[in-house]
Amino acid sequence: MTDAAAPRRLRVLAAMSGGVDSAVAAARAAEAGHDVTGVHLALSENPKSFRTGARGCCTIEDSHDARRAADVIGIPFYVWDLAERFREDVVEDFVAEYEAGRTPNPCLRCNEKIKFAALLDKALALGFDAVCTGHYAQVILREDGSRELHRAADMAKDQSYVLGVLDDRQLAHALFPLGDTPTTKSEIREEAARRGLFVAKKPDSHDICFIADGDTQGFLAKRLGAAEGPIVDESGEVLGTHDGAYGFTIGQRKGLRIGTPAADGKPRYVLDISPVDNTVTVGPAASLDVTALTAIRPRWCGRPPESGPAGYTAQLRAHGGETEVSAEVVDDTLRVTFTEPVRGVAPGQAVVLYDGTRVVGSATIATTTRRPAPAAAAPH
């Protein structure tokens, strides 16, 4: 729902994280003539345990920054406690996924379960028409009344990947005032300064907000406990040990603590994580090449894809590039084949399909197919 697609005055609930993007988004929505109310989501049962110093989006400092921004804009402001829902749907899901040997994306899950589910449901129940956030993406209203999610006008800031979980109903009540603006982040900050917003110079958040010190492995160890297991190569030879398979991700290179160098002297990477036998398998970079994948729990942004295989581009991580694929849905499972092999694809991540700039939908990667390793040369 862009301003052009919504000429009538809307009752808008602006999710204000305490950062510059959400503050400018709320200000633009108010300036466009909408009836805007700001809300900050309290997502921690103990906010002091979350990151401080403007590195996250859920701290006490962030709530104060959001309130000050709302005061400057001149809109009502509230703090809503969604800590229990956040713990169940985001934090516990994050821990369970790592325990199962998968690599989750908590920001994507937060958008799906919190900002455009719990928050949106509460907003609609209170009579609001839309939820406004500072994401860089566009919702376009078609002539037939359907809506499409598209990449932001500025690809450098595009965040449509983490919004690929939104369905047609959620898109109908989503407002992204920053998405159709081809401006740099410095220009957004300049706009915030012109508007008198204190957060104009506040650093962006990049880390997982509920991990206070940024140590994901340490956070998981406290929740799951130490569980020593072997690190092996592709032949099964034990190269070292680890304190918990959950502390690794597919494609990881650093922190393997392998004493024995590879025969070819090249770096080794995590190829597989097996929670069943608590084993981490490592090998050469070439063994990371993935040619296809299957993904489950697809969610379509508006109309679903056509039946049968079709050509799309796919994005596999929040800040990753696009790659050409052929994809089709078979028995509610998305099957994706890559035109060229890609590396570092891990179960638990999201694959988001695009048709040009339009987001087709998102699904959770379940399995991957690797390119067979080259056969060893026959002895003379």
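Along the sequence shown, residues carry numbers from 1.
- Put simply, the side chain of Asn111 never gets that close to the backbone of Leu163: no donor and acceptor are under 3.5 Å apart.
- In summary, of the residues considered (Thr249, Leu256, Thr281), a side chain to side chain contact (heavy atoms under 4.5 Å, CB included) with Val270 occurs for Leu256 alone.
- Within a 6.0 Å sphere centred on CD of Glu306, heavy atoms belonging to other residues, nucleotides or ligands number 12 at most.
- Arg335 places none of its side-chain heavy atoms less than 4.5 Å from the side chain of Pro309.
- No path of Ile, Leu, Val, Met, Phe, Trp and Tyr side chains, each step under 4.5 Å between heavy atoms, connects Val360 with Ile296, placing them in separate hydrophobic clusters.
- When side chains are defined from C-beta on, Leu334 does not count as touching Thr294, because their heavy atoms never get closer than 4.5 Å.
- The cationic group of Arg68 lies under 6.0 Å from the six-membered ring centre of Phe198 and within 45° of the ring axis, placing it in a cation-pi geometry.
- For the pair Asp233 (side chain) and Gly236 (backbone), a donor-acceptor distance under 3.5 Å is present.
- Of the possible polar contacts, none joining the Asp331 side chain to the Thr333 backbone as a donor-acceptor pair under 3.5 Å is found.
- Screening Asp277, Asn278, Asp272 for a side chain to side chain donor-acceptor pair (under 3.5 Å) involving Ser274 leaves a single residue, Asp277.
- The heavy-atom pair separating Leu124 from Phe128 by the smallest distance is CD2-O, 3.4 Å.
- Glu92 places a side-chain heavy atom less than 4.5 Å from the side chain of Arg223.
- Looking at heavy atoms from C-beta onward, Phe338 lies in side-chain contact with Val290 at the 4.5 angstrom threshold.
- Under the 30°/60° scheme for interplanar angles, the aromatic rings of Phe116 and Phe176 are found to stand perpendicular.
- Although no hydrogens or angles enter the test, the distance criterion places a donor-acceptor pair under 3.5 Å between the side chain of Thr339 and the main chain of Glu324.
- When atom types are taken as modelled, the side chain of Arg102 and the backbone of Gly348 share no donor-acceptor pair closer than 3.5 angstrom.
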Original post:
Does the side chain to side chain donor-acceptor pair (under 3.5 Å) test come out yes or no for Arg147 and Gln170, once each step is laid out?
Top reply: CA-CA 10 Å; Arg147 288 173 174 79; Gln170 293 166 328; over 6 Å; no
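- Figure legend: Arg151 and Tyr354 shown as a cation-pi pair, the cationic atom lying under 6.0 angstrom from the six-membered ring centre and within 45 degrees of its axis.
- Looking only at distances, no side-chain donor or acceptor of Glu322 sits under 3.5 Å from a matching main-chain atom of Ala314.
- Looking only at side-chain heavy atoms (C-beta outward), Glu97 and Arg109 stay at 4.5 Å or farther from each other.
- The main-chain N or O of Ala285 is never found under 3.5 Å from a side-chain atom of Arg253 such that the two would form a donor-acceptor pair.
- Contact of the Arg268 side chain with the Leu239 side chain is registered, since non-hydrogen atoms from C-beta on lie closer than 4.5 Å.
- Considering only heavy atoms from C-beta on, Cys209 comes within 4.5 Å of Phe86 through its side chain.
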